[in-house]
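Shown next, in structure tokens, is the structure this report addresses.
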Amino acid sequence: MTDSHFEITADLVHALLQEQHPDLAGPVVREVAGGWGNQMWRLGDDLAVRMPRMEGAVGQQRKECRWLPVLAERVPLPIPTPVRIGEPSARFPRPWTVMTWVHGEPLDHAAISRGDHAADTLAGFLRALHVEAPDDAPVSEDRGDHPSKCTDGFDHFFHAVVPDDIAGDVRAVWDDAVAAPEWEGPPLWVHGDLHPANVVVADGTLAGVIDFGDMFAGDPAWDLAAAWVILPAGAAARFFEAYAHADEGTIRRARGLAALKGLFLMLMGRNGDRGLPGGKPAWGPAGRAALDRVLSE
């Protein structure tokens, strides 16, 4: 999960802060477990330092630094926003970022107990986010397409991990999404990667949304899949009622994309159980729960 040939340590992060942002070098630096393209370090109580593990994460950080201040003014939940930008140097050859810390526990290590409140909160967040994006908004290279253009990815995850007892039903949900009409509205702002590790929970409900590295302008169905991927059983109907802007075709696409994401989470969970790079053991049960919600609601 890394193309780095150098070790990112607390001492390195502290040295970079002293070198480029000495006024921020006082608080304790603590590693945060997890992450894909970036390694996260907590800086005191209210800040975090994001260090790119892979070259591809550099572009994602630049995108977040450009657009998150714009989106933060619009959405009703806390999201990370850039505080400082670190430049490449002899110590570390890539740019890095100091961001605000979003308080709460990631949902892949927590649970939502107030389902109705979480459904209303997520709907309000996505209503505020899903507005027409400007012409220079980013587009996605690996997501955002109609489900009919994502069949190879679905088939890969499906054949790898789908349980035999629900395989036919999962395939039917996907086929229905493939047959659904395309998004015909203007490109909307989309988070693009809503799953349990990218939202945080406090007091039994959603408390923030993180990791906007995949945000793009396009079809909101990619975010609306969160009705099944993130929310607990029985909350999807309330979510869509509160969201109020999803037509039947969009819901069909979203449901199929939720099945796709559920299978992906299961595959990452299996990889974690096997000790493979990038695997996340906690994601397997979350993915199976998402599939069960897709099929029952």
Side-chain angles (χ1 to χ4, degrees), residues 34 36-37 106-109 112 118-119 122-123 125-126 129-130 140-163 166-167 169-178 180 183 190-201 206 209-216 218-233 235-236 239-240 243 246 250-272 278-297:
W36 289 77
L107 182 57
D108 58 334
H109 293 287
I112 292 173
L122 180 62
F125 176 84
L126 291 180
L129 177 65
H130 290 167
S140 178
E141 297 180 356
D142 62 351
R143 65 192 72 206
D145 284 331
H146 187 274
S148 62
K149 299 177 183 178
C150 304
T151 54
D152 288 346
F154 176 85
D155 287 343
H156 171 69
F157 300 145
F158 182 87
H159 292 303
V161 296
V162 72
I166 61 172
D169 292 335
V170 172
R171 174 64 71 177
V173 168
W174 180 252
D175 289 345
D176 183 63
V178 169
W183 171 249
V190 177
H191 177 282
D193 197 24
L194 288 177
H195 61 71
N198 286 344
V199 298
V200 298
V201 176
L206 292 181
V209 179
I210 59 176
D211 197 346
F212 283 73
D214 290 307
M215 65 179 156
F216 61 89
D219 181 359
W222 281 81
D223 281 352
L224 299 179
W228 298 279
V229 176
I230 288 175
L231 296 176
F239 165 81
F240 281 108
Y243 181 79
T250 300
I251 294 174
R252 290 167 61 194
R253 294 193 306 278
R255 190 166 174 246
L257 292 168
L260 172 72
K261 293 183 179 190
L263 292 170
F264 168 76
L265 292 170
M266 290 181 66
L267 180 57
M268 292 301 98
R270 189 184 72 179
N271 289 349
K280 308 285 185 180
W283 289 16
R288 176 58 199 257
L291 286 184
D292 289 341
R293 292 190 290 266
V294 164
L295 298 180
S296 64
E297 300 178 27

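Between Ala177 and His146, the shortest heavy-atom contact is O-CE1, 3.6 Å. Closest heavy-atom contact between Ala236 and Ala227: CB-O, 4.0 Å. Closest of all the heavy-atom pairs between Ala258 and Val294 is CB-CG2, 3.7 Å. Closest approach of Glu297 to Ala233, counting heavy atoms only: OE2-CA, 3.2 Å. Smallest separation of non-hydrogen atoms from Ala282 and His109: CB-CE1, 4.3 Å. Looking at every heavy atom in both residues, Gly153 comes nearest to Leu260 through C-CD1, 4.2 Å.
Formation of a donor-acceptor pair under 3.5 Å by the Lys261 side chain with backbone atoms of Ala226 is not found in this model. A distance-only check finds no donor-acceptor pair linking the side chain of Asp214 to the backbone of Asp193 [under 3.5 Å]. Of the possible polar contacts, none joining the Arg253 side chain to the Ala180 backbone as a donor-acceptor pair under 3.5 Å is found. When atom types are taken as modelled, the side chain of Arg270 and the backbone of Ala160 share a donor-acceptor pair closer than 3.5 angstrom.
Note that the CG atom of Asp211 and the NE2 atom of His195 stand 7.0 Å from one another [nearest 0.5 Å]. How far CZ of Arg171 is from CZ of Phe158: 4.5 Å, rounded to the nearest 0.5 Å. Taken to the nearest 0.5 Å, the CD1 atom of Ile251 stands 5.0 Å off from the CZ atom of Phe240. Between the CH2 atom in Trp174 and the CZ atom in Arg252 there is a gap of 13.0 Å [rounded to 0.5 Å]. Expressed to the nearest 0.5 Å, how far CZ of Phe216 lies from CH2 of Trp222 amounts to 6.5 Å. With values rounded to the nearest 0.5 angstrom, Leu231 atom CG is found 5.5 Å from Ile112 atom CD1.
Contact of the Val173 side chain with the Leu295 side chain is registered, since non-hydrogen atoms from C-beta on lie closer than 4.5 Å.
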- Task: Decide side chain to side chain contact (heavy atoms under 4.5 Å, CB included) for Leu194 and Ile230; before the verdict, give the C-alpha distance in whole Å, the side-chain angles of both, and the deciding distance to 0.1 Å.
- Result: CA-CA 8 Å; Leu194 288 177; Ile230 288 175; 3.9 Å; yes
- Message: side chain to side chain contact (heavy atoms under 4.5 Å, CB included), that's the test. Do Leu265 and Met268 meet it? Break it down for me.
- Response: CA-CA 5 Å; Leu265 292 170; Met268 292 301 98; 5.8 Å; no
- Task: Would you please test Val199 and Leu122 for side chain to side chain contact (heavy atoms under 4.5 Å, CB included) and show each step?
- Result: CA-CA 10 Å; Val199 298; Leu122 180 62; 5.8 Å; no
- Decide yes or no on side chain to side chain contact (heavy atoms under 4.5 Å, CB included) for Leu257 and Arg143, but give the supporting numbers first. CA-CA 10 Å; Leu257 292 168; Arg143 65 192 72 206; over 6 Å; no
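For His130, the side-chain contact (heavy atoms from CB on, under 4.5 Å) partners two or more places apart in sequence, or in a different chain, are Leu126, Leu188, Pro220, Asp223, Leu224, Tyr243.
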